Amino acid sequence: MLTKCKICVAKTAGFCFGVDRAVKIVYNELDNRNNVVTLGPIIHNPNVVSDLEAKGVYSTDVDKVTKDQTVVIRSHGVGLDVYEKLAKVGAEVIDATCPFVARIHKIAAEKSGEGYVILIAGDEAHPEIMGIRGHCSGESYVFSSCDDFENLVKEKDFRQKGYNSGSDNV
């Protein structure tokens, strides 16, 4: 048993900026209206999710959204198709996408529109990666390891196919 130990909490302990912002947005919306839902859990923290559920906020899928709901897009962001679906339904949308993630969306959309192939490091099933890919108008690929990246480059042979090989450091 630990009897003489000191516990220190780091100054930066807690949620990252984007998640903290998104959670605060949801709680603030609860003060203003009812029927608030989030597209997926607002955070990977069961305590916060449970607290919000107790207050009437629940996670939903874009295909289940109804016009009378206020939909909060979580900090991971979503692809353009999700915004289009929400507009078609007519639900009120509160975009809590992290500003840093939104910047990545903008870059991916811009560079993809210029003909660049977008390569994304991460898990292709993660909502943030799905959101980034959802802003690409051209080819995009996801790799999760150095080996995956090497295999992708060998398989696609981007240089020989005439892909834009600009030296932008994006």
Side-chain angles (χ1 to χ4, degrees), residues 9-114 116-145 148 168-170:
V9 178
K11 291 179 183 178
T12 59
F15 308 144
C16 69
F17 160 76
V19 169
D20 185 56
R21 178 178 168 272
V23 169
K24 286 177 181 173
I25 286 171
V26 175
Y27 279 107
N28 287 339
E29 287 307 313
L30 282 173
D31 292 339
N32 301 325
R33 64 197 84 224
N34 294 322
N35 213 0
V36 176
V37 298
T38 61
L39 288 184
I42 194 68
I43 184 174
H44 303 299
N45 180 312
N47 295 329
V48 173
V49 172
S50 292
D51 184 56
L52 287 169
E53 286 174 352
K55 293 175 175 14
V57 177
Y58 64 92
S59 169
T60 191
D61 182 83
V62 67
D63 296 322
K64 295 178 183 173
V65 170
T66 59
K67 182 179 175 126
D68 63 323
Q69 294 175 319
T70 299
V71 181
V72 179
I73 296 173
R74 60 188 172 168
S75 61
H76 295 111
V78 294
L80 294 174
D81 63 321
V82 175
Y83 289 103
E84 291 167 4
K85 288 178 183 179
L86 292 170
K88 195 172 191 177
V89 170
E92 181 172 356
V93 176
I94 308 293
D95 194 345
T97 302
C98 172
F100 298 123
V101 173
R103 182 172 181 270
I104 294 168
H105 290 174
K106 181 180 177 201
I107 292 168
E110 179 182 300
K111 293 300 178 183
S112 181
E114 292 174 6
Y116 286 85
V117 174
I118 307 302
L119 303 177
I120 306 165
D123 173 1
E124 69 181 323
H126 191 279
E128 189 168 331
I129 302 302
M130 294 167 60
I132 295 168
R133 289 190 86 185
H135 286 265
C136 296
S137 58
E139 288 181 77
S140 66
Y141 300 94
V142 178
F143 60 93
S144 59
S145 68
D148 287 348
D168 292 2
N169 209 2
V170 180

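Only a predicted model underlies this, so the values are computations on that prediction, with no experimental measurement involved.
- In this structure, the separation between CG on N45 and CG on L52 is 10.0 Å, given to the nearest 0.5 Å.
- When all heavy atoms of V49 and P41 are compared, the closest pair comes out as CG2-CB, 4.2 Å.
- A donor-acceptor pair under 3.5 Å links the side-chain atoms of S112 to the main chain of S137, judged by distance alone.
- For residues 124-134, the set of pairs meeting the side-chain hydrogen bond (donor to acceptor under 3.5 Å, both in side chains) definition, not counting sequence neighbours, comprises R133-S140.
- Proximity of V89 to V62: side-chain heavy atoms (C-beta onward) are nowhere separated by under 4.5 Å.
- With a 4.5 Å cut-off on side-chain heavy atoms, K85 and D63 count as touching.
- Heavy-atom minimum distance, P127 versus R74: CG-NH2, 2.9 Å.
- Note that NZ of K64 is 12.0 Å distant from CG of L39, once rounded to the nearest 0.5 Å.
- In this structure, F15 CZ and D20 CG are separated by 7.0 Å, a value rounded to the nearest 0.5 Å.
- Residue A91 comes nearest to T66 through the heavy atom pair CB-O, 3.5 Å, listed as atom of the first residue, atom of the second, then distance.
- Here the straight-line distance linking atom CG of D148 with atom CG of L119 works out to 12.0 Å at 0.5 Å rounding.
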Worked verdict on E84 versus K88 for side-chain contact (heavy atoms from CB on, under 4.5 Å): CA-CA 6 Å; E84 291 167 4; K88 195 172 191 177; over 6 Å; no

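- Rounding to the nearest 0.5 Å places CD1 of I43 at 13.0 Å from OG of S59.
- For I104, the side chain to side chain contact (heavy atoms under 4.5 Å, CB included) criterion is met by I132, not counting sequence neighbours.
- The nearest pair of heavy atoms linking A96 to I25 is CB-CD1, 3.8 Å.
- Contacts classified as side-chain hydrogen bond (donor to acceptor under 3.5 Å, both in side chains) and involving residues 95-105 (residues at least two apart or in different chains) are given here: Y83-D95, D95-T97, H105-H135.
- The CG atom of D31 sits 10.0 Å away from atom NZ of K55, with the distance rounded to the nearest 0.5 Å.
- Y27 and D51 form a side-chain donor-acceptor contact under 3.5 Å, judged by distance and modelled atom types alone.
- The two residues V142 and D123 come nearest to each other via the heavy atoms CG1-C, 4.2 Å.
- Side-chain atoms of I42 and V57, non-hydrogen and from C-beta on, never get closer than 4.5 Å to each other.
- When every heavy atom of I129 is checked against every heavy atom of A121, the shortest pair comes out as CD1-O, 3.8 Å.
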